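Written out below as C-alpha cells is the structure these notes cover.
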2 protein chains.
Amino acid sequence: MPQAKSPRPRKTRIQAQNEELILDAALEVFSAYGFRGSTVDQIAAKCGMSKPNLLYYFRRKEDIYIAVLEHTLASWLQPLRALDPQGDPIAELTRYIRAKIRMSRNNPAASRLFANEILHGAPAIGAFLKGPLKELVDEKAAVIRGWAAKGLINQVDPHHLIFAIWAVTQHYADFDVQVKAVLGEKKRRHESRGDGHPRPDDQWPRKALTRLP
Amino acid sequence: MPQAKSPRPRKTRIQAQNEELILDAALEVFSAYGFRGSTVDQIAAKCGMSKPNLLYYFRRKEDIYIAVLEHTLASWLQPLRALDPQGDPIAELTRYIRAKIRMSRNNPAASRLFANEILHGAPAIGAFLKGPLKELVDEKAAVIRGWAAKGLINQVDPHHLIFAIWAVTQHYADFDVQVKAVLGEKKRRHESRGDGHPRPDDQWPRKALTRLP
DNA sequence: TCCGCTCTTGACCATTTGATCAAGAATTAA
DNA sequence: TTAATTCTTGATCAAATGGTCAAGAGCGGA
C-alpha cells in the first residue's frame, strides 16, 4: 500500500486564491482603520465577497488580523536579518537604511499595520516582540557593537541606533499625511497611487480642528 | 446701566471641574485604544460618571475627541514655537530636542493620541496640519535655513531635520511597548507609573503571534 | 426659605457588527 | 454521469454601542 489515504490536507486552488485575496484586502483595511476600526464587511466588500464567505476561510476577525500580521512580518524584518557581520559596516548600515526606506515607500500599509498594533500595546504580537524580535535585535546589536569595538564605527548604543533607524524610516510611512501636509503636497517622486488612507468621505464632516485654540 | 444682563456665559464650578475630569480620562482612553476602539462608557467609567452625564457635557463622542485634541495641541507644539531665531543654533536645537524627549516621557499619552490620529489619515486635524502646523514648521524651517546660510550649522533640509527629530523623540512614546520588549524590561530611569497601555486582560487570549512564520 | 436652573441617571432606542446556519451552487474525483 | 466535497450567500441572531428622554436630585441666588 503506497500511502494511507490522508484526509486531503492539500489546499484547493480556490482556497489559496481566495485566502491571498482576503489577506491583501485585509492589509489595506486594517492598516487604514486599525483593528477595531475595521469591519469584516469592509474587507469582504473590498474583495467582492460576501461576509459569510469570508468567514468560511477565516472564522473570526481576529484570525484574519493574525494571518495578515504573520503574512507581513517575515518580509518586514528581512532587511535587518540580512545585516552581515562580515560585511563593511558603513556599506551594511547604508544598505539596511536604504532597504527600510524602500519598504516604507513601497509598502506603507505594512508599516502602518505594525505601527497601529504596537501603538495600542501590541495585544496580538506582544509575545513575539519579547521573544523572536528581541533575539534578532540583540543579535544584530552584538554585530554593531563588534564593529565599534574594532574601531570601524563610532561608539554608539546599538539598540538605540536601531531604534533611531526604525523611527526615522517608518516615520514617512506612518505619518505620511502629516509629512505631505507640512511639505505642502508638492508632488514627490516615487509616489505610488493609492496611499491606503481613508478617502475624504471619511473626514469628519462637522466640527474639526483648523486653528490653534 | 453698567452692563446688560448677559445670559450667564460663566462656567459653573462643577462644569469646569467635570470637563477637566472628562478630558483627562478621555486622553487616557483615546490614546490607549484609538477613537473607534474607545467607548463612551469606558471614559465615563474612568471618571466615575454615568454615560448620560458625560454626554451632558459633550454631546457626541466626536466632541470629546476634538476637545482632547485641542486641549493638548497647544502645549504639544510649544517647544517648536519656542525655537528662537536670535539664540545660538546648537543651544536652541539641543533645547528643542530635550524638550521633545521630556514631553514624550512625561506625557506619552498625548504623543500616542496624535500618532493614532495621523496614522489613520488625520480625519479630525487634517485641516490643522495643512494650515497652522505647516505655517509654524515653515517659519521655523526658515530660521534653521538662516542659520545654515550663516554657516552656523551644516547644510541640511530643515523640514526633514524637523521630521527626524519628531520621529526619533516620539518613537519612545509611541512604540514604548516595543522598546521595552526589545530592551528586555530592565527598569529604566524616569519611569512613571501607569504607561497608559491596556492591561494584560486586553491581550488576546486565543491565537497570537509568538514566532516567525 | 424658595424657586429656577444645573446636574445626574435609569431606562430605553436604533444602528452597527461579529458570527451562525441552513440551503443551494459550483467543483472535483470516480 | 454521479456522488462527495467544497464553496457561496441570504437570512438571522445576539451583543455592543452611540445617543435620547423624562424624571428626579442638588445647587445657588433672591
Side-chain angles (χ1 to χ4, degrees), chain A residues 2-3 5-22 25-26 29-30 32-68 123-124 198 201-202 204-207, chain B residues 3 5-23 25-26 29-30 32-68 123-124 198 201-202 204-207:
Chain A
Q3 181 168 339
K5 183 186 174 186
S6 72
R8 71 192 67 234
R10 189 72 54 80
K11 202 171 268 187
T12 308
R13 176 183 54 88
I14 297 181
Q15 216 169 102
Q17 187 176 298
N18 276 348
E19 281 181 6
E20 182 165 337
L21 198 65
I22 292 169
V29 174
F30 280 135
Y33 300 94
F35 180 75
R36 292 285 303 269
S38 305
T39 73
V40 178
D41 279 302
Q42 262 179 312
I43 301 173
K46 178 147 291 195
C47 41
M49 192 179 285
S50 71
K51 179 165 59 171
N53 198 17
L54 192 159
L55 290 170
Y56 169 78
Y57 292 100
F58 297 90
R59 303 193 43 185
R60 293 173 305 140
K61 188 186 176 186
E62 273 186 33
D63 294 347
I64 314 173
Y65 186 65
I66 297 283
V68 174
D201 324 351
D202 291 321
W204 290 357
R206 304 186 252 200
K207 298 184 192 176
Chain B
Q3 181 166 340
K5 184 186 174 185
S6 72
R8 72 190 65 233
R10 189 72 55 79
K11 202 172 271 191
T12 308
R13 175 183 55 86
I14 295 181
Q15 215 169 103
Q17 189 175 297
N18 277 347
E19 282 181 5
E20 183 166 338
L21 198 64
I22 292 169
L23 290 180
V29 174
F30 281 134
Y33 301 94
F35 180 75
R36 291 285 302 269
S38 305
T39 72
V40 178
D41 279 302
Q42 260 178 314
I43 302 173
K46 178 147 289 197
C47 42
M49 193 180 282
S50 70
K51 179 166 60 171
N53 198 18
L54 194 161
L55 290 170
Y56 168 76
Y57 292 100
F58 298 90
R59 303 194 43 184
R60 293 173 306 140
K61 188 186 176 187
E62 274 185 31
D63 293 347
I64 315 175
Y65 187 64
I66 296 284
V68 174
D201 326 351
D202 291 320
W204 291 356
R206 306 186 251 201
K207 297 185 193 175

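Here the structure is a predicted model, which means the values were calculated and not measured. Below, each value reflects all heavy atoms present in this structure, side chains not excepted, and no hydrogens, waters or symmetry copies. Labels below follow one simple rule: chain letters A, B, ... track the order of the sequence lines, proteins then strands, and each chain is numbered from 1.
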Mind calculating the distance between [atom1] ([X]) and [atom2] ([N]) to the nearest angstrom?
X: B/K61; N: C/dT15; atom1: NZ; atom2: C1'; value: 14 Å
X: B/F35; N: D/dT17; atom1: CZ; atom2: C1'; value: 12 Å
X: B/D63; N: D/dT20; atom1: CG; atom2: P; value: 10 Å
X: B/I14; N: C/dT6; atom1: CD1; atom2: P; value: 12 Å
X: A/Y56; N: D/dT6; atom1: OH; atom2: P; value: 6 Å
X: B/E19; N: C/dT8; atom1: CD; atom2: P; value: 11 Å
X: B/F58; N: D/dT20; atom1: CZ; atom2: P; value: 16 Å
X: A/L54; N: C/dG18; atom1: CG; atom2: C1'; value: 12 Å

Considering only [options], which nucleotide approaches the side chain of [X] most closely?
X: A/P52; options: D/dG19, D/dT17, C/dC21; answer: C/dC21
X: B/L55; options: C/dT20, D/dC27, D/dT20; answer: D/dT20
X: B/N18; options: C/dT9, C/dT8, D/dT9; answer: C/dT8

Q: Give me the ring orientation class for B/F30 and B/Y65: parallel if the planes are under 30° apart, tilted from 30 to 60°, perpendicular past 60°.
A: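 Because their plane-to-plane angle is over 60°, the rings of B/F30 and B/Y65 count as perpendicular.
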Q.
Set out, in order, the CA-CA distance, both residues' side-chain angles and the distance that settles side chain to side chain contact (heavy atoms under 4.5 Å, CB included) for B/E19 and B/Q15, then state yes or no.
A. CA-CA 6 Å; B/E19 282 181 5; B/Q15 215 169 103; 4.0 Å; yes
Compare side-chain N and O positions of [X] against OP1 and OP2 of [N] and report whether any pair is under 4.0 Å apart.
X: A/R60; N: C/dT20; value: no
X: A/Q15; N: D/dC7; value: yes
X: B/N53; N: C/dC7; value: no

Q | Comparing B/R13 and B/R59 on DNA chain D - which has the more 5′ nearest nucleotide | A |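 Taking each residue's closest nucleotide, the earlier one in sequence belongs to B/R59.
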Q: Looking at every strand, decide which applies to B/T39 at a 4.0 Å heavy-atom threshold: base, sugar-phosphate, or nothing.
A: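 Sugar-phosphate, no base atom in range.
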Q: Under 4.0 Å between any heavy atoms, over every strand shown, what does A/Y57 touch: base, sugar-phosphate, or nothing? Just pick one.
A: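 Sugar-phosphate, no base atom in range.
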Q. Measuring from B/D41:CG to B/L54:CG, what's the distance to the nearest 0.5 Å?
A.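 Output value for this atom pair is 9.5 Å.
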Q.
Return the CD1 to CG distance between B/I43 and B/L23, rounded to the nearest 0.5 Å.
A.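 The CD1 atom of B/I43 sits 9.5 Å away from the CG atom of B/L23.
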Q. Quick one: are B/Y57 and B/I14 in side-chain contact, heavy atoms under 4.5 Å?
A.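 A side-chain contact under 4.5 Å exists here.
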Q: Check whether the side chain of B/K51 and the base of D/dG18 form a donor-acceptor pair under 3.5 Å.
A: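 Result: at least one qualifying N/O pair found.
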